[in-house]
Amino acid sequence: MKKGSEIVLIFINCVNFADKYLPLHINQTAMRLNTRIFLLLLPLLASDCLASPKREMRAVWVATVWGIDWPSVRGADRATAEKQKKELCRLLDRAESLNFTTVYFQVRGMGDVMYSSRLEPWSSFLTGRRGADPGWDPLETAVRECHARGLECYAWVNPFRWSTGTDYDTPQDRQWKENGWLLRHGKYTVFNPGLEEARAHIVDICREIVEGYDVDGLVFDDYFYPNRIPADKTAPDYELYLAEAPWMTFGDWRRACVHKAVADVSAMIADTRPGCRFGISPAGVAGKHDTSARKWGVEPCRVKAADWQYEEIYSDPLGLMYQGTVDFISPQIYWPTTHSTAPYAALAGWWSMASCHFGSHLYSSLTLERIEKGNLRENILDVGRQIDHNRGLSIDGNIGVAVYSARFLPLVEGMLRQKFSLPALSPELRHRPGDAPEAPRRVSLGRRHLEWEGVKGEPGEVMRYTVYIVPPGISHEEAMAENGDGIDGGYLHGVVYGTDTDLPECPEGASIAVCTLDGRSAESQPAWVRQRQ
């Protein structure tokens with residue numbers, strides 16, 4: 001059976017662009033249809049309208065450490081490089097086809113990188129040998145290919161982890177050891193957050209990325225101090241703590257060191273690439289009554305599960321949001337909706353409350369790993385319920401999801417095509433000051449080719465453009481969203497990095513609009529042009 005929106009558009013001779021133009025405008029359609037037919041189609045239309053909001057983060061994590069998602073082959077020869085590039089493009093094709101907005105591409109997992117760096121060695125997960133030059137730049141390729149598909153590309157960085165047991169020995173690794181930058185406990189070794197020089201190195205790595213590549217954002221994951229590192233005289237960083245801040249508790253000092261690193265990266269981005277967004281993905285439970293809720297003045301999280309990250313890896317996401325050093329938080333709420341100690345709905349509701357309290361955005365991380373275990377159909381449906389639950393928490397489009405991870409997408413394609421049935425824009429960062437961008441100028445339309453004059457943004461800002469196609473018979477005023485957020489998302493054709501694009505076959509008299517979309521995802525007024533009749 002066709003979607004309700006497609007069926008209705010057959011009646012108004014707009015079959016070629018059915019999926020994009022009508023879902024939120026059933027009232028105009030009703031005037032053109034027999035009332036009985038319209039009432040039969042109404043449930044289908046309503047499901048389309050609710051399924052796909054205009055503003056929503058839809059990110060997918062692409063893990064490169066251990067080749068989890070990419071690449072499946074390693075090597076530094078030309079043939080391997082070509083296989084890796086094709087594999088990456090296929091992955092991005094899938095993300096585009098499923099109407100994702102964003103790709104979180106892991107570029108640093110173990111003090112090694114997936115881009116050309118003057119500071120750190122090439123990743124062994126790319127070439128098979130740490131430090132070996134692959135002969136190409138995966139981050140450069142990922143950014144280019146994401147943008148060619150209208151996808152945002154975020155650089156996913158693990159800021160502290162150096163090793164999970166391997167003793168690396170490149171010249172850079174030897175230098176870090178000699179510098180005393182590495183902190184070890186058990187099998188885990190990290191760049192010591194308590195050392196100013198180590199924190200400065202992390203800032204420099206992030207500066208290399210945001211200055212050298214047109215990434216749309218930067219995201220940190222949840223590895224901080226080694227799990228369960230002692231917090232007494234036996235700790236390897238105890239003397240450093242005494243020298244730095246003996247008036248604080250050991251745990252508060254460690255959390256403050258993490259906060260300093262995040263704040264320094266945030267300040268660097270604000271100075272060099274203010275249009276680049278920055279966020280962090282902590283563990284899924286935080287802010288319990290016995291950890292950090294009272295400290296930061298929020299209601300405690302009341303699920304049964306413990307806030308283990310606060311005392312075991314010294315992660316305090318409430319503190320980060322309080323300090324305003326992150327644009328978004330992406331907690332890893334990796335449990336079923338009905339989990340006995342960490343139910344998704346209760347956790348997502350608490351995170352929504354906390355993020356709104358501090359003015360941050362919430363992009364919950366959902367896991368697809370559990371889908372392979374147990375009842376496949378029920379697990380898929382449950383992830384769909386979690387997406388719907390997030391939409392119910394949204395305030396002015398400040399919410400969304402980050403799906404972990406890319407290799408599981410084939411399992412849920414059907415569900416995601418339903419939930420992400422229309423293209424979307426990433427949430428606008430209204431907490432960042434700035435005026436709306438200027439509208440594009442000199443918009444011209446050939447038979448199917450649209451082009452315009454671009455708009456210049458802030459230094460280093462990546463400017464994009466949104467393209468809308470409005471069917472004949474609907475005025476420009478009628479095409480605007482009721483909530484005041486520009487043109488209704490039901491007409492969104494897509495996002496373009498560049499100043500031209502090819503359009504699908506449109507009916508005579510259709511209206512085309514182009515808007516500028518800046519780094520904050522603020523959208524300009526539309527520049528209109530009409531399909532010639």
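These numbers come from a predicted model, not from an experiment.
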message: Tell me whether Glu508 is salt-bridged to Arg530, with the criterion being a basic N under 4.0 Å from an acidic carboxylate O.
response: no
Salt-bridge contact Arg108-Glu120 (side-chain N to carboxylate O under 4.0 Å): yes
message: The test is side-chain contact (heavy atoms from CB on, under 4.5 Å); show your working for Ile399 and His361 and say whether it passes.
response: CA-CA 6 Å; Ile399 211 159; His361 283 194; over 6 Å; no
message: Using side chain to side chain donor-acceptor pair (under 3.5 Å), reason through Trp351 and Ser364 one step at a time and then give a plain yes or no.
response: CA-CA 9 Å; Trp351 279 107; Ser364 299; over 6 Å; no
- prompt: Between Asp388 and Lys419, is there a salt bridge with N-O shorter than 4.0 Å?
  reply: yes
- prompt: Does the pair Phe408 and Thr367 meet the rule for a side-chain contact (heavy atoms from CB on, under 4.5 Å), with working shown?
  reply: CA-CA 9 Å; Phe408 296 104; Thr367 183; 5.9 Å; no
- request: Measure centre to centre between the rings of Trp156 and Phe105, then say whether the value is under 6.0 Å.
  value: no
- request: Just do the side chain to side chain donor-acceptor pair (under 3.5 Å) check on Asp69 and Ser405 with the steps written out, would you?
  value: CA-CA 7 Å; Asp69 295 315; Ser405 65; 2.8 Å; yes
- prompt: Does a side chain donor of either Tyr404 or Asp221 reach within less than 3.5 Å of an acceptor in the other side chain?
  reply: no
query: Between the side chain of Gln106 and the main-chain N/O of Thr64, is any donor-acceptor distance below 3.5 Å?
result: yes
message: Looking only at side-chain N and O atoms, does Ser116 offer a donor or acceptor that is under 3.5 Å from a partner on Asp137?
response: no
message: Does either side chain, that of Ser52 or that of Arg58, offer a donor lying less than 3.5 Å from an acceptor on the other one?
response: yes
field: Residues Glu523 and Lys54 bridged, charged N to O under 4.0 Å
entry: yes
message: Strictly below 4.0 Å, N to O, side chains only: are Arg385 and Asp382 in salt-bridge contact?
response: yes
- request: Please lay out, stage by stage, how Phe328 and Phe278 fare under the test ring pair (Phe, Tyr, Trp, His ring centres under 6.0 Å).
  value: CA-CA 7 Å; Phe328 64 91; Phe278 179 43; 7.9 Å; no
field: Test item: Asp500 side-chain N/O and His449 main-chain N/O as donor-acceptor pair under 3.5 Å
entry: no
- prompt: Looking at Thr101, Asp485, Asn483, which one forms a side chain to side chain donor-acceptor pair (under 3.5 Å) with Arg55?
  reply: Asp485
task: To the nearest 0.5 Å, tell me how far Cys506 SG sits from Leu445 CG.
output: 8.0 Å
query: How far apart are the closest heavy atoms of Asp518 and Pro437, and which atoms are they?
result: OD2-CD, 3.7 Å
message: With a 4.0 Å cut-off on N to O distance, would you call Glu461 and Arg273 a salt bridge?
response: no
task: Considering only NZ, NE, NH1 and NH2 on the basic side and carboxylate oxygens on the acidic side, decide whether Lys83 and Glu87 come within less than 4.0 Å.
output: no
message: If I take atom OG from residue Ser394 and atom CE from residue Met57, how far apart are they, to the nearest 0.5 angstrom?
response: 12.5 Å
query: Is it true that Glu82 and Lys85 have a side-chain N and a carboxylate O under 4.0 angstrom from each other?
result: yes
task: Using the ring pair (Phe, Tyr, Trp, His ring centres under 6.0 Å) rule, take Tyr104 and Tyr154 through it: C-alpha gap first, then chi angles, then the decisive distance, then the call.
output: CA-CA 5 Å; Tyr104 291 170; Tyr154 281 36; 5.2 Å; yes
- prompt: Do Arg130's NZ or CZ and the ring of Tyr168 fall within the cation-pi criteria of under 6.0 Å and 45°?
  reply: yes
- request: Answer yes or no: is there an ion pair linking Arg520 with Asp327, defined by an N-O contact shorter than 4.0 Å?
  value: no
- request: Examine the side chains of Ser365 and Trp61 and answer whether a donor and an acceptor come within less than 3.5 Å of each other.
  value: yes
- request: Let me see the working for Arg94 and Glu413 under salt bridge (Lys or Arg N to Asp or Glu O under 4.0 Å), right down to the final yes or no.
  value: CA-CA 9 Å; Arg94 175 171 281 120; Glu413 279 196 359; 2.7 Å; yes
- prompt: Is the Trp528 ring parallel, tilted or perpendicular to the His476 ring (thresholds 30°, 60°)?
  reply: parallel
- line: Closest non-hydrogen atoms of Arg277 and Arg432, given as atom of the first, atom of the second and distance, are CA-NH2, 3.6 Å
task: Answer yes when Glu152 and Arg464 have at least one side-chain N-carboxylate O distance shorter than 4.0 Å, and no when they do not.
output: yes
- prompt: What is the distance from atom OG1 of Thr272 to atom CZ of Arg207, rounded to the nearest 0.5 Å?
  reply: 6.5 Å
message: I'd like to know whether Glu438 forms a side chain to side chain donor-acceptor pair (under 3.5 Å) with Ser524, so could you lay out the CA-CA distance, the side-chain angles of the two residues, the decisive distance to 0.1 Å, and finally the verdict.
response: CA-CA 6 Å; Glu438 296 180 8; Ser524 75; over 6 Å; no
